[in-house]
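For reference, the structure discussed in these notes is given below.
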Amino acid sequence: MTTTWRALLGATALCATAGIAAAQDNVTLTIATVNNGDMIRMQGLTDAFTAANPNIQVQWVTLEENILRERVTTDIATQGGQYDVLTIGTYEVPIWAKQDWLVPLELGDAYDVDDLVPAVRDALSVDGKLYAAPFYAESAMVMYRTDLAEAAGVTIPDAPTWADIRDAAAKMTDKSKEQYGICLRGKPGWGENIGFITAMANSYGARWFDTDWKPQFDSEEWKATLTDYLAMMNEYGPPGASSNGFNENLSLFQQGKCAIWIDATVAASFVTDPATSTVADNVGFAQFPNREGVDNRGNWLWAWSLAIPTSSDAKEAAQTFIAWATSKEYSALVAEREGWRAVPPGTRTSLYENADYQAEAPFAAMTINSINAANTQKASVQDVPYTGGQFVAIPEFQGIGTAVGQQFSAALAGQMSAEDALAAAQSNTTREMTRAGYIK
Amino acid sequence: MATRQTQGLARLMRAPAIILLFVWMIVPLCMTLYYSFLNYNLLSPGTTSWAGWFNYQYFYTDPAFFEAIWNTLVLVLGVLFITVVGGTFIAMLIDKPIWGQGIVRILVISPFFVMPPVAALIWKNMIMHPSYGVLADVAQFFGASPIDWFAQYPLFSIILIVAWQWLPFATLILLTSLQSLDTEQMEAAEMDGAPAYSRFLYLVLPHMARAITVVILIQTIFLLGIYAEILVTTNGGPGTASTNLTFLIYRAARLNFDIGGAAAGGIIAVILANIIAIFLMRAVGKNLD
């Protein structure tokens, strides 16, 4: 064999090895996420990630919140391995981590884990280990139209009561102009109307269960909550409210059809964005209301977070993606391309110390204060056996919450009275909790 | 005439297809039956145990069970009524020689090419939505307040959407049948002075009986399992006003992740569907002989 032949053979072998190595390194990440504005923006910026990581391809599965939950839960529970990165919330993380369905995250020093907002980091950790990285976090607050308030001669205080809100909604309603006093979630689902109504119930002093896990829908507090919610929505709400969730209300508010909207703090950047909102310059913010005499506001805590299922076969690449999407650098990239207002809120302390952000985002202080005020260990003024603000952190809650949500939605649609809806919620929940073994 | 050998050979050659079909149907059915007797919840892994008849009892005592059965029947009968009556009417219309007949026929059958969830989304957001829908605009044009269809008339709205999707199927089958009608017989009846409604009642309708039976049988099978339209528009609500049996099973499986309960529901649905199928075959299937 001549030297030339040997050299050629050697080169071929080297090329082949390199080819195999390259093929092994090339991975495609399948990322399941919600069709919320911030996630859509993240998809638009994926090029920056793939440019920096040419061996990682990204494939998106974007779904509506309820559908995403069903798909992702089924996939992870059956160890389907369809997804490499999951978008899940503060409800799922602790439950799934305890079932060993999630990979603990090792994000490295450059990531600066200590910069994460403590309440959010705690909500995503089990036994001190971080199981998901927050993409954005939120609490709830009041968003209202300052121009309509001024025209109607209404002042909404920074810390309003429900009576203040109801009075303001009444004065700002003009149905002939398709201008509705208040928009609240009515679409059934534990992450839709139940999220809001549970927070409202907490601010009325109600609770889901007593310390023996007995449902409390027959209490005076729940009756007051649902009666007031229905009265406000029937008198001052938009038509079709029983099928309006977060996204539907966002759209109504952006189009100038809602005078008051009480929902997640994350909506603030969308309603104040002149590119998407017709009312961008006229939005005011206030804390989530409380009922007179109840020292508790419905400050919920939620973080849409990225996690890796144990069934993923591209864990390392998934971790690289998560570190990128939840990093300070990603925030800077969003700020550079779309302005500071568009940066995913609520996850990093440094963002709220950033002067540029404070200058561009009028809702910054209200957002971080609401998040810090959330007490997920004790959401009600009464004693509760569960954790969670706008949800109850037990696996059965998805089913129970959605069934109760259907009853409340039916009451909103005028199909049944508040009393009937509460009675149905009470018997349904008792049935499910007995089956699950909580009630002996 | 086939010999014993050729018969044997034919059986042997048919066997793989029959075995495959058998396995294809029998394995999922057996697994469903097995799961229906287990305490099996996806959210509580590792706790599977024997449940006996509990899942059946649990599903049967669901507060929405009887309403779901009623809604299933109303949904099937409502859609059948609209598609059979409407299909006959449209088939007779487009059977007449008119200008642009080809285009009209394509337009009439086009809803059948739209995927159910897409059709439901279009109806929900662009047609029946109380704020953005065309019907709301029409109502406001006439000074009336818009109707919140999915909250006030949930089941009726779903029947409309499903009927819109199945009308082309019924029309196509009925049109084919209409085209095979003997024109000489019609002309003879016309010359004898038989009025239009008599010709329709005594000639057209009996001729179409077989096609109508096919439409009813095929549609019933599919309509018993309607679910995408409900999921997209009303989510079974408000309350359980538009929950049918399929959606109730879906709720157990995909919202509560209660596989045992959902499997029991599935078996109950299979039994009920078979009862309906036997009834249908006896009542209307005679036309197929």
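Per chain, numbering begins at 1; letters A, B, ... match sequence-line order.
When heavy atoms are compared at a cutoff of 4.5 Å, B/Phe150 does not approach chain A at all. The part of A/Trp101 that comes within reach of chain B is its side chain, from C-beta onward, which places non-hydrogen atoms under 4.5 angstrom from that chain. Contacts between A/Thr402 and chain B at a heavy-atom distance below 4.5 Å involve the side chain alone, from C-beta outward. If you measure heavy-atom distances from B/Ser145 to chain A, you find no contacts under 4.5 Å at all. Only the side chain of A/Gln99 comes within contact range of chain B, with at least one heavy atom under 4.5 Å from a heavy atom of that chain. For a residue to count as touching a neighbouring chain, one of its non-hydrogen atoms must lie under 4.5 Å from one of that chain's; by this rule A/Ile76 does not touch chain B. With a threshold of 4.5 angstrom between heavy atoms, B/Ile147 does not approach chain A through any atom at all. For B/Gln152, the part lying under 4.5 angstrom from a heavy atom of chain A is the backbone only. For B/Tyr58, the parts lying under 4.5 angstrom from a heavy atom of chain A are both the backbone and the side chain. Residue contact with chain B, scored on non-hydrogen atoms closer than 4.5 Å, is absent for A/Glu64.
To the nearest 0.5 angstrom, B/Asn125 atom CG is 9.0 Å from A/Ser243 atom OG. Summarising the geometry, atom OG1 belonging to B/Thr240 is positioned 6.5 Å from atom CD belonging to A/Gln407; distances are rounded to the nearest 0.5 Å. Rounding to the nearest 0.5 Å places CG of B/Asp258 at 4.0 Å from CZ of A/Arg435. Atoms CG and OG1, from B/Leu42 and A/Thr73 in turn, are 9.0 Å apart once rounded to the nearest 0.5 Å. One distance of note links OH of B/Tyr132 with CG of A/Leu252; it measures 4.0 Å at 0.5 Å rounding. Rounding to the nearest 0.5 angstrom, the gap separating the CG atom in B/Leu255 from the CD atom in A/Gln406 is 8.0 Å.
No more than 12 heavy atoms of other residues, nucleotides or ligands sit less than 6.0 Å from atom NZ of A/Lys98.
The minimum heavy-atom distance linking B/Leu43 with A/Pro395 is given by the pair CD1-O, 3.4 Å. Residues A/Pro239 and B/Asp148 approach most closely at C-OD2, 4.3 Å, considering heavy atoms. Nearest heavy atom pair, residue A/Gln415 against residue B/Ala151, reads NE2-O, 2.5 Å. When all heavy atoms of A/Ala413 and B/Pro238 are compared, the pair lying nearest together is CB-CG, 3.6 Å.
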Original post:
Could you go step by step and tell me if A/Arg431 and B/Asp62 meet the side-chain contact (heavy atoms from CB on, under 4.5 Å) rule?
Top reply: CA-CA 9 Å; A/Arg431 180 178 134 95; B/Asp62 190 299; 3.8 Å; yes

**OP:** Determine, stepwise, if the pair A/Glu178 / B/Gln140 fulfils side-chain contact (heavy atoms from CB on, under 4.5 Å).
**Re:** CA-CA 11 Å; A/Glu178 285 192 83; B/Gln140 272 167 342; 4.1 Å; yes

Original post:
Under the side-chain contact (heavy atoms from CB on, under 4.5 Å) criterion, do A/Ile67 and B/Leu231 qualify, and how do the steps go?
Top reply: CA-CA 10 Å; A/Ile67 309 288; B/Leu231 179 77; 4.0 Å; yes

